[in-house]
Amino acid sequence: MADQFLWVIFPYICIAVFIVGHIFRYRNDQFNWTAKSSEFIEKKQLMIGSLLFHIGIIPVIFGHISGLGIPKEWMHAMGVNDHLYHMGAVYIGGFFGIVTLVGMLILTARRFTIKSVRRLSSLSDLIVNFLLLLIICLGMYATLVTNAVQPDFDYRSSISIWFRDLLTFHPDPALMSSVPLSFKFHILSGFLIFAFWPFTRLVHVWSVPLNYVGRSYILYRKNRTF
Ligand code: HEM
């Protein structure tokens, strides 16, 4: 019963809130659809922390897509055997995980030690901050510690299959029953952030100004009439 809730009902609730919440926010609150920059209060720590976080999280997302989305057998067919995959996941995944974590620690320290940034933070900012830090720490623990302590555990034979089945609407919670706790907490907190996502500054992810790269320059000229 608990497994059914944790590995079927809970993830679907989070996904549903994620989708419906975005539609609701987009229709009702476009004016506040923003990353709520606090750059005008403090620049230096924000630049370092935010840069490290984003440089780390993007490869981590691609790592998740390949580790969870691509079946093991397909990897074998592409010439990536288990050892090679594991090395890549631990060393490359671990490296970018650390970069993400350092960035997140700088951003958290900035939010809590600079008085005006702290005052400007809403409850949703604090929840996002806390959840991101928790998810990243648990992910790092699972990658660097659990994988080393329990080398026989292979998440691509359990978590990844469960995850793909979830996306195709026939999840089997039994696949998650023998998964180590660090992975379980990581995944549950990972889903939780998807439920909070539409109500937080994370919506800015869907508004990346890609046209910025190719758009024409904006020219500023002196007003000579004064
Ligand atoms: C919700 C579904 C999620 C699932 C099923 C999931 C699953 C996993 C798994 C299996 C690993 C271990 C990778 C390895 O050892 O090779 C991992 C690691 C990690 N995860 Fe997640 N995760 C999820 C969400 C998230 C989210 C939302 C974040 C970021 C905010 C995140 C950040 C990380 C980090 C930083 C690592 C360690 C570095 C790495 O291996 O790339 N995960 N995750």
Side-chain angles (χ1 to χ4, degrees), residues 6-19 49-50 52-72 75 80-105 107-108 127-168 171-173 175-176 178-198 200-205:
L6 292 177
W7 309 114
V8 180
I9 299 171
F10 177 73
Y12 281 136
I13 290 176
C14 294
I15 295 171
V17 174
F18 177 82
I19 296 169
S50 173
L52 287 177
F53 174 77
H54 287 91
I55 287 174
I57 197 75
I58 292 166
V60 166
I61 291 170
F62 281 108
H64 278 65
I65 294 172
S66 68
L68 298 172
I70 304 176
K72 215 173 156 169
M75 286 277 187
V80 182
N81 63 28
D82 289 352
H83 179 70
L84 191 60
Y85 175 86
H86 187 67
M87 288 295 115
V90 171
Y91 289 105
I92 304 176
F95 172 77
F96 285 109
I98 289 171
V99 174
T100 315
L101 181 61
V102 172
M104 203 55 224
L105 287 172
L107 292 175
T108 307
I127 292 174
V128 167
N129 205 306
F130 170 75
L131 263 179
L132 280 175
L133 203 55
L134 179 76
I135 297 168
I136 296 164
C137 287
L138 287 167
M140 288 306 296
Y141 185 87
T143 299
L144 300 180
V145 181
T146 315
N147 276 336
V149 177
Q150 288 173 251
D152 290 340
F153 172 71
D154 178 9
Y155 66 83
R156 289 191 299 159
S157 309
S158 50
I159 301 174
S160 301
I161 300 176
W162 161 80
F163 187 78
R164 290 195 296 273
D165 288 350
L166 190 75
L167 298 184
T168 49
D172 177 6
L175 282 167
M176 293 300 288
S178 58
V179 166
L181 276 181
S182 57
F183 281 98
K184 284 184 171 172
F185 285 125
H186 173 70
I187 295 166
L188 292 173
S189 50
F191 271 104
L192 197 59
I193 206 164
F194 281 103
F196 279 109
W197 195 301
T200 68
R201 56 168 56 209
L202 288 177
V203 291
H204 80 272
V205 171

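Values below: all heavy atoms of this structure, side chains included; hydrogens, waters and symmetry mates excluded. Counting from 1, the numbers follow the sequence of the chain as shown. Just so you know, ligand 1 is whichever comes first in the structure, and atom 1 is the first atom listed for that ligand.
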Among non-hydrogen protein atoms, atom 19 (C) of ligand 1 lies closest to His64 CE1, 3.4 Å

Would you call Ile92 and Phe62 a side-chain contact if the rule is heavy atoms closer than 4.5 Å?
no

For Met140, the ligand 1 atoms with a heavy-atom partner under 4.0 Å come out as 37 (C), 38 (C)

Atom 15 (O) of ligand 1 has as its nearest protein heavy atom Asn147 ND2, 2.8 Å

Among non-hydrogen protein atoms, atom 26 (C) of ligand 1 lies closest to Ile135 CG2, 3.6 Å

The reported gap from CZ in Arg164 to CD1 in Ile70 (rounded to nearest 0.5 angstrom) is 9.0 Å

In this structure, atom 30 (C) of ligand 1 is nearest to the protein heavy atom Leu132 CD2, 3.5 Å

Handout entry: Worked check of side-chain contact (heavy atoms from CB on, under 4.5 Å) between Trp7 and Leu188
Key = CA-CA 9 Å; Trp7 309 114; Leu188 292 173; 3.7 Å; yes

Taking only non-hydrogen atoms of Tyr155 and a 4.0 Å limit, the atoms of ligand 1 in range are 10 (C), 13 (C), 14 (C), 15 (O), 16 (O)

closest protein heavy atom to atom 39 (C) of ligand 1 is Gly93 O, 3.6 Å

Between Val179 and Lys184 the two heavy atoms that sit nearest each other are O-CE, 3.4 Å

### Message
Test your reading of the model: is there a side-chain donor-acceptor pair from His54 to the backbone of Ser50, 3.5 Å cut-off?
### Response
yes

When distances are taken from atom 34 (C) of ligand 1, the protein heavy atom at minimum range is Val60 CG1, 3.9 Å

shortest atom 32 (C) of ligand 1-to-protein heavy-atom contact is with His186 CE1, 3.6 Å

Is the closest heavy-atom distance from Val90 to ligand 1 below 4.0 Å? no

Of Tyr12, Phe194, Phe191, the one forming a ring-ring contact (aromatic ring centres under 6.0 Å, His included) with Phe18 is Phe194

- Mind checking whether Leu138 and Ser189 have side chains closer than 4.5 Å, heavy atoms only? yes

Ranking Ile193, Ile136, Ile61 by closest non-hydrogen atom to atom 35 (C) of ligand 1, top hit is Ile136

Here the atoms of ligand 1 under 4.0 Å from any heavy atom belonging to Ala89 are 16 (O)

What about Tyr85: any of its N or O atoms under 3.5 Å from an N or O on ligand 1?
no

Here the pair of heavy atoms bringing Thr100 nearest to Ile57 is OG1-N, 3.4 Å

Checklist entry - Do Val90 and Met87 have side-chain heavy atoms sitting under 4.5 Å apart? => result no

For Gly190, the ligand 1 atoms with a heavy-atom partner under 4.0 Å come out as 1 (C)

When distances are taken from atom 11 (C) of ligand 1, the protein heavy atom at minimum range is Phe183 CE2, 4.1 Å

The reported gap from CG in Leu166 to CG in Leu175 (rounded to nearest 0.5 angstrom) is 11.0 Å

Ile57 heavy atoms within 4.0 Å reach ligand 1 at atoms 29 (C)

Min over Thr143, Leu166, Leu202 of heavy-atom distance to atom 40 (O) of ligand 1 lands on Thr143

| With side chains defined as the heavy atoms from C-beta onward, is the minimum distance between Phe196 and Leu202 less than 4.5 Å? | no

Note: ligand 1 atoms sitting under 4.0 Å from heavy atoms of Leu68 are 4 (C), 5 (C)

